[in-house]
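Remarks on the structure that follows.
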Amino acid sequence: MEKSLKGFFETFLKKDSLFSERAVLQSQYTPEEIIHRENEVKQLANILAPCLRVEKPSNVFIYGKTGTGKTLTAKYVSNQMMELAKTNNLPVKIIYINCKLSKVADTEYRLVAQLARELGKEIPPTGLPTEEVYKIFNHAITTQKMQFILVLDEIDQLVKKAGDEIIYNLTRMNAELKNSQVTLVGISNDLMFTDTMDPRVKSSLSEEEIVFPPYNALQLQDILKKRASFAFKQGVLSDGVIGKCAAYAAREHGDARRALELLRVAGEIAERANNKTINIEHIDEAEEKIEKDRIIDIVKTQPKQQQATLYAILYFKKREAIFTGEIYDVYKQICEKVGLRPLTQRRVSDIIGELDMLGIITAKVISKGRFGRTREISLPIPETLIPKIVSALEQSMGL
DNA sequence: CGAGATTCATGTGAAGTATACCTTTAGGCTTAA
DNA sequence: AAGCCTAAAGGTATACTTCACATGAATCTCGTA
């Protein structure tokens, strides 16, 4: 056993990789230059530039669908500015926060706490009055005498969950600050979400707006080609692979992140299968794997109650439409089996809503007329994945 | 036959509760001078 | 006397419960043709 494992590692080392620089395809990677987004980069830079002269820039609201380069552009521009600020010793600080990473910034308290932590303050996970955390944050900002730019990614998630007062409070901070100023950059991929906001908040957040249109198939190809040339060794990509990736992604409203991921995973699959080149079939496989990993990951990291609820839903997998009441009955049985204290239907109803938000299930409120009113739940997940999710759930709940 | 009332099963909002965690404060004990 | 530790008091955020009311179309009711 030991020997064969050693052998495995040895051949693994000897086997030459298809990749020359895998990181280039990973989503956190920020390339040296951004193609097909020159305009947006310029716009954002123009808007934010005043802070280099220690004047307050306008707040900016950026929106566009997923994978249209919003985050990338924001990061790119902020990196450049930070660098410039550093070399010229300018008092500028940019803080980037992704509001979607739950547990990091999905309530007012958590967001402000996270902001304060970015400034090196220790904030407990609970216990302090939110007001107090604001004070700490305020203090941290005032003492540093700087231009602060807060980049709030996926801001729609935050507002949906915690209301728009947060943004109002943040924009209002400037009135009280003497030395420093705060500029907000909100990033959202939900175009409609500003409609639900208080008009005052809306207008203060979007003093400037930048819209990111989706990439078209050609632009996607350019991007993929560019990255692929860094990421892979020469000649490992078969003809048509890039085209297919781009086509896939273009179909999904021009999502470049997805296209890149597709390419990377396809590469990994090919490599693992000891293939010398990446073929079109690998792309199909990659597509499946990505979807699977994404869902399994979400499912596994859910709290127990959410898992139990989901398990109850999956119990009905064959049926098209499932109703809340049925789910709750099954859910209670599951709780008993696993030794979990069952929650009330009220709460389970909310949990179903949360699962819907996560995109694992689709829940729609319908009225069945004489037979009451309920949520109609269905699974947008491919059939083949369900057994895998079920076993992942069973494992993590100890069934 | 059709308009309006009824009804069902659950959605949904508000308010209350339990839990986990925080800071502050006041003793009580230890320690060093 | 000063310093440090601990426990109690007083406070908050979050997840959840309880209570009460809101919904909205299928079905029922009843007046009318």
Side-chain angles (χ1 to χ4, degrees), chain A residues 97 99-140 157-170 193 196-198 298-313 315-316 319-336 338-358 360-379 396-397:
Chain A
I97 288 196
C99 308
K100 198 181 182 179
L101 303 175
S102 55
K103 306 291 168 192
V104 174
D106 60 350
T107 67
E108 178 167 24
Y109 179 91
R110 295 215 254 249
L111 173 72
V112 183
Q114 189 59 33
L115 288 172
R117 284 195 201 105
E118 294 284 336
L119 296 175
K121 299 286 174 188
E122 296 261 330
I123 306 289
T126 170
L128 291 189
T130 308
E131 195 66 12
E132 186 67 22
V133 185
Y134 265 111
K135 263 188 210 157
I136 296 173
F137 177 55
N138 238 319
H139 184 253
Q157 301 283 329
L158 177 67
V159 172
K160 239 178 241 162
K161 264 195 160 173
D164 49 17
E165 281 169 43
I166 306 171
I167 297 169
Y168 181 68
N169 287 338
L170 285 175
F193 111 101
T196 60
M197 280 180 11
D198 185 321
I298 295 176
V299 165
K300 273 194 175 165
T301 52
Q302 279 314 292
K304 286 273 181 288
Q305 295 290 1
Q306 274 78 342
Q307 290 187 345
T309 310
L310 183 59
Y311 192 73
I313 294 170
Y315 171 86
F316 293 96
R319 280 245 307 287
E320 271 298 300
I322 320 161
F323 306 121
T324 306
E326 302 173 304
I327 291 173
Y328 188 65
D329 290 340
V330 178
Y331 161 82
K332 271 195 297 196
Q333 289 173 33
I334 292 168
C335 282
E336 197 169 328
V338 193
L340 203 60
R341 194 172 56 85
L343 302 177
T344 44
Q345 181 155 347
R346 175 72 185 80
R347 177 61 185 143
V348 171
S349 172
D350 280 348
I351 289 179
I352 291 173
E354 287 169 26
L355 291 174
D356 180 41
M357 287 273 272
L358 284 171
I360 311 177
I361 64 174
T362 311
K364 208 174 75 192
V365 181
I366 56 156
S367 175
K368 291 187 293 169
R370 187 63 212 282
F371 306 104
R373 199 171 125 84
T374 181
R375 277 200 180 88
E376 186 183 69
I377 292 145
S378 57
L379 296 164
S396 100
M397 291 193 305

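Lettering of chains follows the sequences in order, A, B, ..., and the numbering in each one begins at 1.
A donor-acceptor pair is defined here as one N or O able to donate and one able to accept, closer than 3.5 Å; such a pair exists between the side chain of A/Lys304 and the backbone of A/Ser396.
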Produce the list of close N/O pairs, under 3.5 Å, pairing protein atoms with atoms of nucleotides 18-24 of chain B; give distances to one decimal.
from	atom 1	to	atom 2	distance (Å)
B/dC22	O4'	A/Thr126	O	3.4

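In this structure, A/Arg110 atom CZ and C/dA15 atom C1' are separated by 10 Å, rounded to whole Å. Here the C1' atom of nucleotide C/dA15 and the NZ atom of A/Lys304 are 16 Å apart, to the nearest Å. Residue A/Tyr109 contributes atom OH, which lies 16 Å from atom C1' of C/dA15 at whole-angstrom precision. Here C/dA15 presents its C1' atom at 14 Å from CD of A/Gln302, a figure rounded to the nearest Å. In this entry the distance linking CD1 of A/Ile366 with C1' of C/dG24 reads 11 Å, nearest Å.
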Could you go through residues 347-357 of chain A and list every donor-acceptor pair under 3.5 Å that involves a side-chain atom there, pairing it with any protein atom two or more places apart or in another chain?
from	atom 1	to	atom 2	distance (Å)
A/Arg347	NH1	A/Glu354	OE2	3.2
A/Arg347	NH2	A/Glu354	OE2	3.4
A/Ser349	OG	A/Arg375	NH1	3.0
A/Asp350	OD1	A/Arg346	NH1	3.0
A/Asp350	OD2	A/Arg346	NH1	3.1
A/Glu354	OE1	A/Gln306	NE2	3.0
A/Asp356	OD1	A/Ala363	N	3.2

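Legend: residues meeting side-chain contact (heavy atoms from CB on, under 4.5 Å) with A/Ala312, ordered by chain and number and at least two apart, are A/Ile327, A/Val330, A/Tyr331, A/Ile334. In this structure A/Tyr311 satisfies the side-chain hydrogen bond (donor to acceptor under 3.5 Å, both in side chains) test together with A/Glu394, sequence neighbours excluded. Take A/Lys135 and apply the side-chain contact (heavy atoms from CB on, under 4.5 Å) test, not counting sequence neighbours, and it matches A/Glu132. Partners of A/Gln345 according to the side-chain contact (heavy atoms from CB on, under 4.5 Å) rule, which considers only residues two or more places apart in sequence or in another chain, are A/Thr324, A/Tyr328. With sequence neighbours excluded, the residues forming a side-chain contact (heavy atoms from CB on, under 4.5 Å) with A/Gln157 are A/Lys100, A/Glu154, listed by chain and number. Every residue was checked against the side-chain hydrogen bond (donor to acceptor under 3.5 Å, both in side chains) condition with A/Thr344, not counting sequence neighbours, and none meets it.
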- Treat primed atoms plus P, OP1 and OP2 as sugar-phosphate and everything else as base, then score nucleotides 3-16 of chain B 5' to 3': B for base contact with protein heavy atoms under 4.0 Å, S for sugar-phosphate contact only, - for none. ----BBBSSBB---
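The phosphate of C/dT17 has OP1 or OP2 within less than 4.0 Å of a side-chain N or O from A/Thr344.
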